[in-house]
Amino acid sequence: MSTLEQVSAARCFGGIQAVYRHASAETKTPMRFSVFTPPHEIGAKLPVLWFLAGLTCTEENFTLKAGAQRVAAELGLMLVTPDTSPRATGVDGAGASWDFGDGAGFYLDATQAPWARHWRMESYVTQELPELLATHFPWRRESLGLFGHSMGGHGALTLALRHPGACRSVSAFAPVAAPTHCPWGVKAFTNYLGDHRSTWAAHDATELVKSGARAPALLVDQGEADKFLEEQLLVDRFEAACRAAGQSLTLRRHAGYDHGYFFIASFIEDHLRFHADALKVA
């Protein structure tokens, strides 16, 4: 188990907002993540809500922009936000474009060189980081919720579908919901997973639902003024797949809202209360 280094910490709504760094065995690089620990009694074990961020983001974006800590403190929710990819890997081309490589891990384990050595975000998020948190933080392991935005919304949906029983609640903001059919997903999957599209479906929320995978009841918020909606996100495909398969989904569309963090901040309280209800902590 790697040693944690505290990068920063500050009092926030009676709790502590902190950032940590550690040497990851999965990515073979230093990794950072943020943790908001709400006020709690000594010895108490807390439910955890993971947030997976989107393209170009680090652990900072949600922490600084979403405005989640006040309600999380009220509800007794620990918030954890990992980085979106390994960094400083030395891989040629990792920083060449904003939608692939650095800041664009897509929450999967790459199988193709040169990405396979370091881009292991699925194993990092579902195996390594949970063990690290269980060792160092007062986490109640049976109470885990998962949500995310854009690429991170894709991650939240697919990881919940791929790892049934791992989380008790799932939601997303403007997720990349059918990545095998959008430019972001095709670019990432071709490079990370290879040219055989038959392997891509296992990392596509829409295709996973069609294949019989199931997750807890889902909440998805989507802005109707989102410039990525038609070409990249394809939430209508996901909605149709859920309806046909009987997967519970509440998809809320919001006129005038775009893809950014003002959209997330506008509805973050709804998501926190949704998860708190599922985790029975309200």
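Numbering starts at 1 and runs along the sequence shown. None of the values given here were measured: they were computed from a predicted structure.
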(Q) Between R252 and D270, does any side-chain N to carboxylate O distance fall below 4.0 Å? (A) yes
Q) Could you walk me through whether E59 and R21 pass the salt bridge (Lys or Arg N to Asp or Glu O under 4.0 Å) check? A) CA-CA 11 Å; E59 77 287 343; R21 177 168 51 218; over 6 Å; no
Q) Would you call R197 and E207 a salt bridge, taking side-chain N to carboxylate O under 4.0 Å as the test? A) no
Q: Kindly indicate whether the side chain of M78, heavy atoms from C-beta on, has any atom under 4.5 Å from the side chain of F137.
A: yes
Q) Is the shortest heavy-atom distance from the side chain of L159 to the side chain of L52 under 4.5 Å? A) yes
**Q.** Distance flag, aromatic centroids of H149 and Y261, threshold under 6.0 Å
**A.** yes
Q) Between F267 and H254, does the ring centroid distance fall short of 6.0 Å? A) yes
**Q.** Close side-chain approach of P175 to F238, heavy-atom, < 4.5 Å
**A.** no
(Q) Check this for me, if you would: do R141 and E131 make a salt bridge, where the nitrogen-to-carboxylate-oxygen distance has to be below 4.0 angstrom? (A) yes
Q.
Counting C-beta onward and ignoring hydrogens, is there a side-chain heavy-atom pair between P164 and R214 closer than 4.5 Å?
A. no
Q | Salt bridge flag under 4.0 Å for residues E269 and R70 | A | yes
Q) Does any non-hydrogen side-chain atom of F36 lie less than 4.5 Å from one of T81? A) no
**Q.** Lys/Arg-Asp/Glu bridge criterion (N-O < 4.0 Å) met for E142, R168
**A.** no
Q. How close do W98 and L55 get, heavy atom to heavy atom, and via which atoms?
A. CZ3-CD1, 3.8 Å
Q) Got W50 and L129 here, is their nearest side-chain heavy-atom distance under 4.5 Å? A) yes
Q: Keeping the roles fixed (side chain from T84, backbone from G105), state whether a donor-acceptor pair exists under 3.5 Å.
A: no
Q. Any side-chain heavy atom of E128 sitting closer than 4.5 Å to one from S24?
A. yes
**Q.** Y192 side chain vs G101 backbone, donor-acceptor pair below 3.5 Å
**A.** yes
**Q.** Side-chain donor-acceptor pair present, S171, H275, cut-off under 3.5 Å
**A.** yes
Q) Hey, would you say the H203 and H154 ring centroids sit under 6.0 Å apart? A) no
Q) Just checking, is any N or O donor in the side chain of T29 or T89 under 3.5 Å from an acceptor N or O on the other one? A) no
Q.
Between L219 and V235, is there shared hydrophobic-cluster membership here, with clusters defined by ILVMFWY side-chain heavy atoms closer than 4.5 Å?
A. no
(Q) The test is ring-ring contact (aromatic ring centres under 6.0 Å, His included); show your working for H163 and Y107 and say whether it passes. (A) CA-CA 13 Å; H163 300 271; Y107 303 99; over 10 Å; no
Q) Would you say the side-chain atoms of Q247 pair up with the backbone N or O of A215, donor to acceptor, closer than 3.5 Å? A) yes
(Q) When you group the ILVMFWY residues by side-chain heavy-atom contacts below 4.5 Å and let the links chain together, are L234 and L229 in the same group? (A) no
Q.
Under a 3.5 Å distance rule, please check whether E26 uses its side chain to pair with a backbone N or O of E122 as donor and acceptor.
A. no
Q. When you measure from the side chain of W115 to the backbone N and O of R120, does any donor-acceptor pair fall under 3.5 Å?
A. no
Q) So do V80 and L49 actually touch side chain to side chain, heavy atoms under 4.5 Å? A) no
Q. Donor-acceptor pair, N191 side chain versus K187 backbone, under 3.5 Å?
A. yes
Q: Kindly say whether G103 contributes a backbone atom to a donor-acceptor pair with the side chain of S85 at under 3.5 angstrom?
A: yes
Q | Test salt bridge (Lys or Arg N to Asp or Glu O under 4.0 Å) applied to R253 and D236, step by step | A | CA-CA 11 Å; R253 295 176 173 85; D236 288 346; 2.8 Å; yes
Q. Donor-acceptor pair, S150 side chain versus G152 backbone, under 3.5 Å?
A. no
Q) Would you call the rings of F62 and F51 parallel, tilted or perpendicular, where under 30° means parallel and over 60° means perpendicular? A) parallel
Q.
Check this for me: does any side-chain nitrogen of one of D277 and R273 sit under 4.0 Å from a carboxylate oxygen of the other?
A. no
Q) Is any side-chain N of the basic residue among D258 and K227 closer than 4.0 Å to the acidic one's carboxylate O? A) no
Q. Taking the six-membered ring for Trp, are F189 and F106 parallel (under 30°), tilted (30 to 60°) or perpendicular (over 60°)?
A. perpendicular
Q: Give the cluster check for Y20 versus L132: same hydrophobic cluster or not, with ILVMFWY residues linked at side-chain heavy-atom distances below 4.5 Å.
A: yes
Q.
Can you confirm whether or not the ring centre of W184 sits under 6.0 Å from the ring centre of F100?
A. no
Q) Would you call R32 and D83 a salt bridge, using N to O less than 4.0 angstrom? A) no
